Amino acid sequence: MKLSILYRGPLSSCNYGCEYCPFAKVRESTAEHQADERALNRFVTWMARRTSDQLSVLFTPWGEALTHKRYQSAFIQLSHLPHIEKVAIQTNLSCSLQWIKHCDVTRLGVWATFHPSEVSRARFVAKCWELEKHRVRFSVGVVGLKEHFEDIELLRKELPPSVYLWVNAYKRLENYYTAPEIQHLSAIDPFFPLNNQYHPSLGHTCRTGSSVISVDGDGTIRRCHFVAQLLGNLYSVDFERVLKERLCPNATCGCHIGYVHLDDLKLYGVFGEGVLERIPVSRAEKPSGLGLKKTGLIP
């Protein structure tokens with residue numbers, strides 16, 4: 001079996017205070033951290049035992065995970081298992097990166113987000129170059145708030161040229177961007193128009209639920225983070241029976257970790273082995289097809 005898992009355990013605390021994030025500066029009790037550690041250890045143990053499968057995981061915590069030793073240890077352990085194809089995570093890169101020296105970096109993927117209100121650009125970029133030194137595959141992104149535009153431009157100049165810089169569109173306000181602003185951000189991130197919309201998904205085929213699943217700390221399986229329906233439990237003996245192609249029940253899909261799996265957008269051909277950590281096959285590659293045509297930027 002070949003399966004990608006989006007793992008989101010009970011961790012919800014973050015050391016940053018971004019005003020656009022509901023989990024900013026949340027603190028958890030010792031008991032809550034212990035519960036998250038038990039859930040993480042159970043998941044890692046399950047992954048380690050599935051030696052006949054080909055598994056990949058993207059950790060998508062409601063907070064910052066890599067500041068905790070337990071997540072660093074999980075990455076070290078999983079990266080050395082031959083049946084684990086990819087261990088990736090969404091992170092703000094605020095932690096020390098010394099633990100990476102103990103990983104098999106050929107299996108690591110990092111989805112790093114820059115938060116200008118929380119860390120200096122120089123400090124963040126230095127961490128990126130450290131990843132580059134360790135030969136870790138990573139992408140870098142930032143929320144496309146208008147007050148961030150200057151930082152986004154400078155970030156593109158200061159990052160390694162081969163690193164893909166994505167811009168997460170701010171979609172809480174309708175028509176937030178002017179046409180010139182869309183074109184400006186698209187010159188930096190050619191896939192920005194794909195993110196700056198909600199893709200029609202109702203009744204569309206999607207890889208989630210079959211070759212991609214969402215799993216929480218209790219092992220509960222959902223097809224993705226955006227569909228509440230429970231499908232089963234990862235720790236059941238016969239959990240594989242729930243894996244089958246399903247049509248999307250939602251009207252639209254607006255988050256990269258969701259719409260990247262929609263069949264009609266054909267983004268697996270764009271991102272290849274970098275689907276989980278948001279790295280296109282070629283940073284210079286120009287997107288085409290259904291998703292971009294809807295923006296009106298191409299005929």
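This chain uses plain numbering: 1 for the first residue, then up along the sequence. Keep in mind the model is a prediction, meaning the values are calculated, not measured.
- When each of I221, N233, V57 is paired with V215, the side chain to side chain contact (heavy atoms under 4.5 Å, CB included) condition holds for I221 and for no other.
- Residues V119 and S94 form no side-chain contact, since every pair of their non-hydrogen atoms from C-beta on lies 4.5 Å or further apart.
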Between C224 and H261, does a side chain to side chain contact (heavy atoms under 4.5 Å, CB included) hold up when you go through it step by step? CA-CA 10 Å; C224 71; H261 305 295; over 6 Å; no
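- Counting non-hydrogen atoms of other residues, nucleotides and ligands closer than 6.0 Å to CZ of R50 gives a total above 12.
- Between F59 and Y7, the ring planes lie perpendicular to each other; the angle is over 60°, past the 30° to 60° tilted range.
- Using a distance-only test at 3.5 Å, with no hydrogens or angles considered, a donor-acceptor pair links the side chain of R8 to the main chain of T60.
- Nearest heavy-atom pair across R156 and P161 is NH2-O, 3.8 Å.
- Ring planes of Y164 and F191: perpendicular class, angle over 60° (limits at 30 and 60°).
- Once rounded to the nearest 0.5 Å, the distance linking CD of Q54 with OG of S4 reads 10.0 Å.
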Side chain to side chain contact (heavy atoms under 4.5 Å, CB included) between I152 and F114, worked out: CA-CA 9 Å; I152 292 171; F114 172 51; over 6 Å; no
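- Remark: the E37 side chain and the H68 side chain contain no N/O donor-acceptor pair separated by less than 3.5 Å.
- Listed here is the closest heavy atom pair of A169 and N195: N-OD1, 2.7 Å.
- Side chain of R121 to backbone of D151: no donor-acceptor contact under 3.5 angstrom is found.
- Side-chain atoms of W99 never come within 3.5 Å of backbone atoms of K69 as a donor-acceptor pair (strictly under, hydrogens ignored).
- Between atom CZ of residue R137 and atom CD of residue E277 there is a gap of 5.0 Å, rounded to the nearest 0.5 Å.
- The hydrophobic clustering, which links ILVMFWY residues whose side-chain heavy atoms are closer than 4.5 Å, places L40 and I213 together.
- Judged purely by atom type and a 3.5 angstrom limit, H80 uses its side chain to pair as donor or acceptor with the backbone of H102.
- Of all the heavy atoms in L11 and A65, the pair that sits closest is CD2-CA, 3.6 Å.
- With hydrogens and angles left out, the side-chain atoms of Y235 and D218 include no donor and acceptor closer than 3.5 Å.
- For E150, the CD atom counts as loosely surrounded, since its 6.0 Å shell holds 12 or fewer non-hydrogen atoms of other residues, nucleotides or ligands.
- A side-chain donor-acceptor contact under 3.5 Å links S12 and E28.
- For NZ of K146, the number of neighbouring non-hydrogen atoms (other residues, nucleotides, ligands) closer than 6.0 Å is greater than 12.
- From C253, atom SG reaches atom CG of L265 across 8.5 Å, with rounding to the nearest 0.5 Å.
- Tracing side-chain contacts under 4.5 Å through hydrophobic residues (I, L, V, M, F, W, Y), one never reaches I279 starting from L276; they form parts of separate clusters.
- Side-chain contact check for V125 versus L155: some heavy-atom pair is nearer than 4.5 Å.
- Considering all non-hydrogen atoms of both residues, G217 and A39 come closest at O-CB, 3.5 Å.
- Within the 3.5 Å criterion, the main-chain N or O of G209 finds a donor-acceptor partner in the side chain of R246.
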Going through the checks in order, is the side chain to side chain contact (heavy atoms under 4.5 Å, CB included) test met by K266 and V270? CA-CA 7 Å; K266 298 179 171 38; V270 172; over 6 Å; no
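- A side-chain donor-acceptor contact under 3.5 Å links S79 to the backbone of D104.
- Between F271 and R278, some side-chain heavy-atom pair lies under the 4.5 Å cut-off.
- At least one donor-acceptor pair closer than 3.5 Å links the side chain of T178 to the backbone N or O of E181.
- Within a 6.0 Å radius of CD in E273, no more than 12 heavy atoms belonging to other residues, nucleotides or ligands are found.
- In terms of hydrophobic clustering, with Ile, Leu, Val, Met, Phe, Trp and Tyr side chains grouped at heavy-atom distances under 4.5 Å, L97 and V140 are assigned to a common cluster.
- Contact check for S13 versus H33: side-chain heavy atoms found under the 4.5 Å cut-off.
- Between atom CG of residue L234 and atom CD of residue E240 there is a gap of 9.0 Å, rounded to the nearest 0.5 Å.
- If you look at Y170 and H148, their ring centroids are not closer than 6.0 Å.
- By the 30° and 60° cut-offs, the orientation of the rings of W46 relative to F239 is perpendicular.
- Placement of F226 and L230 in two distinct hydrophobic clusters is found when ILVMFWY residues are connected by side-chain heavy-atom separations under 4.5 Å, directly or transitively.
- Between the side chains of T51 and H83, no donor-acceptor pair is found at a separation under 3.5 Å.
- Side-chain atoms of Y71 and D36 form a donor-acceptor pair, as typed in the model, at a separation below 3.5 Å.
- When every heavy atom of V167 is checked against every heavy atom of G144, the shortest pair comes out as CG1-CA, 3.6 Å.
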Could you walk me through whether L159 and E132 pass side chain to side chain contact (heavy atoms under 4.5 Å, CB included), step by step? CA-CA 10 Å; L159 288 171; E132 182 82 351; over 6 Å; no
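- Residues L267 and V275 have side chains not in contact (no heavy-atom distance under 4.5 Å, counting atoms from C-beta outward).
- Note that OH of Y198 and SG of C255 are 9.5 Å apart. Values are rounded to the nearest 0.5 Å.
- T205 places no side-chain N or O within 3.5 Å of a backbone atom of D263 that could act as its donor or acceptor partner.
- For the atom pair NZ of K133 and CD of E130, the computed distance is 5.5 Å after rounding to the nearest 0.5 Å.
- In this structure, the side chains of L131 and K127 stay at 4.5 Å or more apart for every pair of heavy atoms.
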Starting from the C-alpha separation in whole Å, work towards a yes-or-no answer on side-chain hydrogen bond (donor to acceptor under 3.5 Å, both in side chains) for R223 and T208. CA-CA 5 Å; R223 61 178 302 165; T208 62; 3.1 Å; yes
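- Residues V260 and W166 share a hydrophobic cluster, clusters being chains of Ile/Leu/Val/Met/Phe/Trp/Tyr side chains in contact below 4.5 Å.
- E64 places a side-chain N or O within donor-acceptor distance of the main-chain N or O of L66, the cut-off being under 3.5 Å.
- Residues L3 and S210 approach most closely at CD1-O, 3.8 Å, considering heavy atoms.
- Residues C128 and F138 are in side-chain contact: their nearest non-hydrogen atoms beyond the backbone lie under 4.5 Å apart.
- Side chains of R107 and P82 form a contact here, defined as non-hydrogen atoms less than 4.5 Å apart.
- Remark: the S236 side chain and the D238 side chain contain no N/O donor-acceptor pair separated by less than 3.5 Å.
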